[in-house]
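First up is the structure itself, then whatever we jot down about it.
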Amino acid sequence: MVKKSSMAAAAEELGPAPGIQAAIAAASCCAKRGTRHTSGPGNPLNALPLGKLGALPISARGRAGLTYLKASQWRVGAGLGGAPGEVTGRQPPIAWGGGALRATGQLARSSEWRLVRSSDRWDNSEAAVRLSEGAGLRGAMIRRVLPHGLGRGLLTRRPGTRRGGFSLDWDGKVSEIKKKIKSILPGTPCDVLPDTSHLPPEHSDVVVVGGGVLGLSVAYWLKQLENRRGGMRVLVVERDHTYSQASTGLSVGGICQQFSLPENIQLSLFSASFLRNINEYLAVTNAPPLDLQFNPSGYLLLASEKDAAAMESNVKVQKQEGAKVCLMSPDQLRNKFPWINTEGVALASYGMENEGWFDPWCLLHGLRQKLMSMGVFFCQGEVTRFVTSSQRMMTTDDEMVTLKSIHEVHVKMDHSLEYQPVECAIVINAAGAWSAQIAALAGIGKGPPGTLQGTKLPVEPRKRYVYVWHCPQGPGLETPLVADTSGAYFRREGLGSNYLGGRSPAEEEEPDPANLEVDHDFFQEKVWPHLALRVPAFETLKVQTAWAGYYDYNTFDQNGVVGPHPLVVNMYFATGFSGHGLQQAPGVGRAVAEMILEGSFQTIDLSPFLFNRFYLGEKTQENNIM
Amino acid sequence: MWNGTRGIHRLGGAVVPEGNQKKERKMLQFLNNHFYDVEALRGYLLQREMSKVHLKNRSFTWLEEQHGPYSAGAFFILKQGGAVKFRDKEWIRPDKYGHFSPEFWNFREVPVEAVDASDCEINYEGLDNLLLLKELQSLSLQRCPHVDDWCLSRLYPLADSLQELSLAGCPRVSERGLACLHHLQNLRRLDISDLPAVSNPGLTQILVEEMLPNCQVVGVDWAEGLKLGPEEHEVPVFIPGCPWLKVTAPVTLRQPFPCPSSGLGR
């Protein structure tokens with residue numbers, strides 16, 4: 001049986017537990033690539049390489065004892081441990097082995113280092129026994145290391161006795177050493193040296209910036225579609241682990257197929273089947289099955305005279321793609337939903353299957369749980385810098401173009417100046433409403449306007465309000481999510497005659513997205529009149545609560561941005577969905593993963609959503625945005 | 001020991017595990033958390049269970065082309081272990097070995113009137129086959145472990161003919177799925193008793209009755225879940241014959257007096 005040690009999950013990147021000998025070596029030297037950087041003056045301890053095991057606590061005397069070792073006796077292997085597939089930099093042989101903490105068996109096989117060879121078979125208990133015999137670690141090492149010269153006899157005495165006396169407080173020393181050994185043993189927290197468990201790993205194949213539903217979906221599909229288990233290390237960086245401003249949690253949670261673009265319809269259909277089979281996709285042994293609280297009540301879109309023709313053609317496209325949508329005349333509407341006032345409605349489209357609303361937190365939690373079980377790293381921090389390298393190349397039209405590639409991401413911790421540079425191969429921009437800032441960090445948009453270099457990512461945060469009200473005489477249990485001709489929408493919430501809804505403001509009256517404060521006058525003046533007109537029962541309602549959230553609004557054409565950037569070759573976008581990101585997240589995640597792993601879209605072709613369209617000026621406009 | 005795993009997968013396992021089963025389950029969880037092999041084995045068994053259900057619910061399109069939709073749909077139901085009744089014919093049920101009489105292959109034009117799919121493992125994909133029976137009048141999906149809200153949203157094609165529907169005991173059906181039964185305007189009898197996933201059975205019953213005015217909704221007593229009014233307090237009850245006993249019991253309309261287990265007349 002393969003036993004999972006309690007360190008197994010935590011210490012994946014360290015490879016086999018190095019044991020004490022490597023820890024000794026590691027402790028005493030400054031690492032070339034320390035795992036901890038501060039931009040302030042470091043304290044000398046910070047220069048020590050750190051890891052889950054920490055380093056052996058060596059007292060000053062112990063360190064002095066190690067000066068007997070010759071630097072050349074250490075040979076650090078080129079593979080510095082870690083999970084397979086890790087991007088390992090080649091490091092020169094390090095004096096004391098700064099990376100020795102991660103050293104593999106190559107270190108142990110160095111023949112000149114007899115202690116190492118014998119300590120191959122040391123386990124911690126043996127060490128503890130040796131120590132408790134009073135031999136002292138330092139004494140044991142010196143004994144074995146010094147080749148000739150001093151005879152063995154001299155060294156079998158206790159170290160203290162050599163000086164002709166014995167040091168006071170020997171028992172205290174022993175208990176201190178015992179405590180330190182215990183703190184290295186697996187399972188106990190090592191509080192001798194500073195803890196770095198909050199920092200992301202030093203290397204990661206893919207860094208996903210943004211831990212919302214889109215980022216997690218991309219990470220999920222990357223792990224799901226990789227060729228070998230554990231073949232790719234994925235790190236998800238999320239700035240706010242409470243998700244207080246993230247669009248996912250604040251969303252109304254609707255899913256519908258009533259779009260005008262075939263790609264959007266296909267994405268939505270796939271997402272519906274993903275949600276339907278969520279317990280097969282996101283199954284984690286021993287975890288209870290997920291309950292998405294899905295309401296399959298459908299969407300009802302109402303169209304006035306001037307929009308009726310567009311709606312008819314949209315419905316035709318939707319039916320072609322396989323969505324179950326039907327058109328209804330005002331009479332049929334009144335028959336089916338007697339609480340509707342059909343004044344001004346020329347046509348309505350009603351989604352019968354795979355449409356409704358669900359709980360986005362459940363999806364987020366399910367994805368997180370599954371990702372943790374698949375071995376994805378999570379880090380709470382903010383991306384502050386990309387370190388890129390550029391290359392000038394000639395296009396086929398004999399034009400010089402500078403291609404950039406990001407090779408390091410600096411992740412800064414909360415409320416501190418501490419940051420961790422993460423070496424990476426691919427960066428995914430799934431930062432939602434703040435994607436433009438991340439893109440700007442990579443240099444996207446820095447150039448003369450009108451050129452490809454100067455094309456910024458046109459995604460900005462737009463604030464939207466959602467109001468919850470109570471209306472005891474309101475529409476019954478069968479109410480779909482109704483979207484009025486004016487853009488106001490509402491749906492039922494629960495069994496208790498509560499409804500929630502809102503409306504997208506017009507361009508001129510866009511609220512300031514600096515904060516998430518709710519404007520209640522907006523409901524009074526802009527939302528309620530339309531609702532009361534459409535549903536007469538809503539003339540008497542009482543607003544219970546309200547909240548605001550951000551749309552990652554694509555100012556260009558209100559559709560998502562998916563795929564790589566033409567100039568920053570290893571940044572992939574999965575953002576800008578302007579209010580329908582949640583319902584398309586599973587499909588988009590799979591598309592981005594296919595793009596990364598296979599080089600092109602395999603299942604759903606999202607080429608109309610590539611970044612190039614911003615430069616070429618080709619809009620893929622979506623007409624049915626709420 | 002592996003019965004424990006099956007019980008874990010099935011949401012239909014609303015039965016509280018008895019002592020032994022609980023111990024086994026705890027042991028299994030402990031092993032799962034500490035050994036990769038056990039985790040992998042459990043994952044494999046789970047996948048196998050799921051693929052068995054998928055296999056049972058595959059589409060019989062070829063049969064539909066050969067013998068017509070009614071026979072294909074009937075075959076699907078009979079294979080699952082349910083019973084079918086063709087118009088003017090008797091009920092066809094599989095026996096305890098799963099065998100059924102092949103006479104229905106000749107009923108090409110005879111529509112199926114009633115289907116009893118109780119305890120069958122029909123899921124969303126399997127409904128493809130069930131929806132072939134366009135003139136179905138009575139459908140019973142009692143205690144089906146994989147019928148959930150998504151499946152209920154697929155029943156609207158049967159709206160013209162369906163008059164009787166029973167969902168009693170389905171562990172995954174909640175009030176959200178019941179909301180999409182409003183398409184079935186010809187429904188005359190709906191049974192929604194014993195649905196563990198419905199959060200408020202009494203209120204749900206009222207709302208469903210409002211939604212389907214011509215339908216008789218059966219199963220949930222609307223008084224269930226109502227709290228005691230202020231005049232109905234807990235009253236100390238004295239059992240005649242044992243003055244040393246004092247049992248307090250809430251006085252409700254339906255519950256009988258709880259019998260004290262004092263050996264008196266029990």
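If you're wondering where the values come from, they're calculated on a predicted model, not measured in any experiment. All chains are named by letter (A, B, ...) in the order of the sequence lines, taking the proteins before the strands, and each is independently numbered beginning at 1.
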Can you tell which part of [X] gets under 4.5 Å to a heavy atom of chain B, answering side chain, backbone, both or neither?
| X | result |
| --- | --- |
| A:S297 | side chain |
| A:N354 | both |
| A:E355 | neither |

Centroid-centroid distance, A:F337 to A:Y350, less than 6.0 Å: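 Here the rings of A:Y350 and A:F337 have centres that are less than 6.0 Å from each other.
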Atom NE2 of A:H470 with >12 non-hydrogen neighbours under 6.0 angstrom: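 Counting neighbours around NE2 of A:H470, more than 12 heavy atoms of other residues, nucleotides or ligands fall under 6.0 Å, so yes.
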Top contributor to chain A contacts, counting heavy-atom pairs under 4.5 Å, from B:Q185, B:H183, B:E210: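 Top count of heavy-atom pairs under 4.5 Å with chain A: B:H183.
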Least distance between heavy atoms, B:D119 atom then B:C144 atom: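 For B:D119 versus B:C144, the nearest heavy atoms are N-SG, 4.2 Å.
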Contact check, side chains of A:L275 and B:W150, non-hydrogen atoms, under 4.5 Å: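 In contact.
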